[in-house]
Amino acid sequence: MSDSSPLQLSDRPPEAEGHLLQVEDLHVDFHTRDGVAHAINGVDLHLDAGETLAVLGESGSGKSVTAQAIMGILDMPPAAIPTGRILFRGQDLLTMPDEERRAVRGPGIAMIFQDALSSLNPVFPVGWQIGEMFRVHRGLNRSDARSAAVRLMERVNIPAAKQRVNAYPHQFSGGMRQRIMIAMAIALEPSILIADEPTTALDVTVQAQVMDLLGQLREESGMSLILITHDLGVVADIADRIAVMYAGSIVESAGVHDLYRRPGHPYTEGLLQSIPRLDMKGEELFAIKGLPPNLLRMPEGCPFHPRCHRVRDVCRVDEPALREVRPGRRSKCHFAEEVLDE
Amino acid sequence: MTDDLKAFEVVDERKGSSRSEGVRSLRADAWHDLRRNPLFWISAALIVLFVVMAIAPGLFTNTSPRETVLSEARTPPSSENWFGRDVQGYDLYARCIYGARASILVGVFAAAGTAIIGTIFGLLAGYASGATDAVVGRVAEIFFALPLILGAVVILTALPPSDEYFVIVFKVVLVFWILGWPTIFRLMRSSVMQVRPNDYVQAARALGGSPWRIVTSHILPNAIAPVIVVSTINLGVYISAEATLSFLGIGLQPPTISWGVMISDALVAMRSAPHVLLFPAAFLSLAVLAFIMLGDAVRDAFDPKSR
Amino acid sequence: MFKFTVRRLLQMIPVIIGATFLIYWMVFSLPGDPTAGKCGDRPCPDAYVAQFEEEYNLNDPLLVQYGKYMAGVVQGDFGESYYGVPVSEELSERFVVTAKLGLMALGIEAVIGILAGVLAALKKGGFIDNVVLVSTLAVIALPLFVTASVLQLYLGIRWELFPVTVGSDTSFYALLLPAFVLASVSLAYLARLMRTNLSENLGSDYVRTARAKGLPQSRVVGVHTLRNSLIPVVTFLGYDLGALMGGTIVIEGIFNIPGVGNYIYRAINDRDGVVVVGAVTALILVYLFANLVVDLLYGLLDPRISHD
């Protein structure tokens, strides 16, 4: 992949056994009028080439902030990153000069968002917006960029691409708009595509089509995918690994099948039990009690303890660390083994 | 003249769609913000001062504004005449104090009148929609096509002259009503259209609430905020416009004492006696400033993003 | 876009008819004597009144009166001044000067207003932002005729940087100070509008996308955000033309510029109602047509309006 990238990162050899992307001890604070909100509290995650990682969590769990921090598009201020490293091919994105960082966006890491209508610029034709990637990053002229845009629109299965290349975002349906976003994001064949709730705003049937498209594109190009979602159902088919986030930390990470078979954290346990299943007909659906904590005033001890059905005294005073509990799976619970072994 | 004249839709659009139970907290929040904003207190204090001046000028001075000492005309400020005397030998300080009444009267009545007319038609058009909306909208568009000063010049030249204080003031106010209501109408209409689809309005309709009750107790309270903000700012704008009309010789006229007339009179003597211009201009600008700042502060409180 | 243009043109017609009728109705049918003051302080002799009523068809029903007046206006007949000079003759000579002054003011307003707004929005709460906020507030609070007189006194009379009055020399340089003063209040409103708008747009989703695309900051602001922020600015400029035209009456009066505004200024002092109505009607027609142009421009800038 790195040889197709216009970034001259290949001069500097990646760390020997390094991952494609490695986030270490990432913290993000938001400075608000009411105080400092700790949105991300020490996130560690990694991604290898061709891998799909699903980041799962409720709204406010910090999954989107993590993605935007990796992407480098957080508004700073109010956001600040006091500590942490984000290594992309062994290089820390956080200490990189702005110009180099900018050049990573698009060819290195690309991103699509939840609401494609507001995420596309309303006053420019879609073909112009897709073609802009080639004009800015590769210096293509207008007509070449437009032909490239048409090819991309065809690749993401937009019918009559040639005729619609000059249409504006409001003239497309929701699903088509998300396809345009995807076309724009994959234009420069990025090594990583971050998809932030890409299907939440869409109808169920269209959701499936867009997810299929993402899966297909990943197969074809070999890019890695970070899929951010609150929907466990979306994850199962496409993800290799899952990282579950709660209150700004990763509470569990595991291979997708391991996690579905046996959760390693009480929060994940709750999430899985709250999915309706056919064989549960007649039973009451489980719901995690309480609300996520206020990021301005985090509880003592484990952030999840006020909602945890396995809570014990130690949880109220001592915050557990994210630790390897089985080969390839980590959990941030004092009693992870107990949860796993049940 | 597109329908969404954004320049005047000062208040955030999302406001209209705030949830019904969110409104109170929004107001409480806004008040909390206002109290911490020094601009709010400065402008409020200035406004109170000018209003008291307009109601009871005698509290501020014992000198008559109509008592002239021709021999002392154009004397600069002194311990005896704090602001000095004007071209005709009147005491400037006394005249500045008495001049507040005309400006405040014009501003308050013009702003309140346009707000009432605009709100009524805006509610009508926004709630009834359909044919009513189309008719009122077309009529408003015609009035909106007349710019403030140009329109005022035409109408005021046509109206018969008068010597009666309140008639003179009322003529200017009337002109502002005629020319100013469409701005508020548009604002109110778009505000109502944003509030109308909300669940609590739909619920009230489904429960068979009378249109009058729905409009007065559900729509009006939730749609009025932008009108209040813009009307406050317009109050200052009308005071300034009145001064301009007086300068042109078609607004307030002597013997009416007003800041606009005073400034207009002072211009001839500006080179030799700049203080004659300075003091009424300062009073006028402070009054205009106070209302604009108050409007700004209220808007910022309701819409923290605009800060 | 074609349908949009035609629709706008058709919508314009009732507004033009309505607005001119409104003026006509208010001037000629409101209580009051249209000949008042035309003969000095005394009432006019009956013969003059009769002639005046005949000339302006004041004995016909209102709509007929209006129809006859408008038929004249369409042919360029705006009536005659108190001195017997056709209003249209004066207007055509003076319009060039006012157009020059107005375009200069519009240019100054747009360039400085947009620039100040952009600089303020880019660093909200910073030094430039505060300077822009405070200075625009001060300019808005000062009536135009005060600003004009004070600048005339200092820049013209005391420091002799600019001509005190313009007179017959309507060169770019002579009109510079008046145009700047004329633009001042509008400029202040525009800067504030631009600031609010741009900073709102800078926080929007499509700007986040533009940054995620790896575009340079200059392009994110200069292409993606600016284009969107200009949409309300264009609308404001069109609407604000009416305020600029009102301002020319004041400015051309103070700086003695031989334009339409000066004509109206003097007609007000002469109580020459025919001239005031004729000249103001002409300005309002120009204003309405300018707004039609603005509307079409708006359609070009915002495809959501024109590409339905």
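Only this structure's heavy atoms are used, side chains among them; waters, hydrogens and symmetry mates stay out.
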| Contact leader toward chain B among C/V277, C/T248, C/L22, where contacts are heavy-atom pairs under 4.5 Å | C/L22
| query | Do C/Y66 and C/T20 have side-chain N/O donor and acceptor atoms under 3.5 Å apart? | reply | yes
| Heavy-atom contact with chain C under 4.5 Å, split by part of B/I178 | side chain
| If we only count heavy atoms from C-beta on, is the C/L237 to C/V294 side-chain gap below 4.5 Å? | no
| Would you call C/R8 and C/D295 a salt bridge, taking side-chain N to carboxylate O under 4.0 Å as the test? | yes
| If you count heavy-atom pairs under 4.5 Å with chain C, which of B/G236, B/A281, B/A243, B/A241 comes out on top? | B/A243
| query | Checking C/I254 against chain B: side chain, backbone, both or neither under 4.5 Å from a heavy atom? | reply | side chain
| task | Look at C/I249, C/V146, C/V250 and state which one has the largest set of heavy-atom pairs under 4.5 Å with chain B. | result | C/V250
| Can you tell which of C/F145, C/Y189, C/Y265, C/F21 has the highest number of heavy-atom pairs within less than 4.5 Å of chain B? | C/F145
| note | Comparing B/V154, B/L286, B/T157 against chain C, the one with the most heavy-atom pairs below 4.5 Å turns out to be B/V154
| What are the two closest non-hydrogen atoms of C/S184 and C/L144, and how far apart are they? | OG-CD1, 3.9 Å
| said: With a 4.5 angstrom heavy-atom cut-off, is it the side chain or the backbone of C/P14 that approaches chain B, or both, or neither? | reply: backbone
| field | Check: B/E242/B/S246 side-chain N/O donor and acceptor closer than 3.5 Å | value | yes
| query | Going by heavy atoms in the side chains, are C/D240 and C/E109 under 4.5 Å from each other? | reply | yes
| task | Examine whether an atom of C/L142 lies under 4.5 Å from a heavy atom of chain B, and if so say whether it belongs to the side chain, the backbone or both; otherwise answer neither. | result | both
| request: Identify which part of B/L277 has an atom lying under 4.5 Å from any heavy atom of chain C, answering side chain, backbone, both or neither. | output: side chain
| Going by atom types alone, do C/N197 and C/S229 pair a side-chain donor with an acceptor below 3.5 Å? | no
| Where does B/I292 contact chain C at under 4.5 Å (heavy atoms): side chain, backbone, both or neither? | side chain
| Top contributor to chain C contacts, counting heavy-atom pairs under 4.5 Å, from B/V139, B/I149, B/I239, B/L146 | B/L146
| query | Heavy-atom distance under 4.5 Å between the side chains of C/I268 and B/L156, does that happen here? | reply | no
| query | Under the 6.0 Å and 45° cation-pi test, does B/R186 pair with B/F144? | reply | yes
| Proximity breakdown for C/I231 and chain B, heavy-atom pairs closer than 4.5 Å | neither
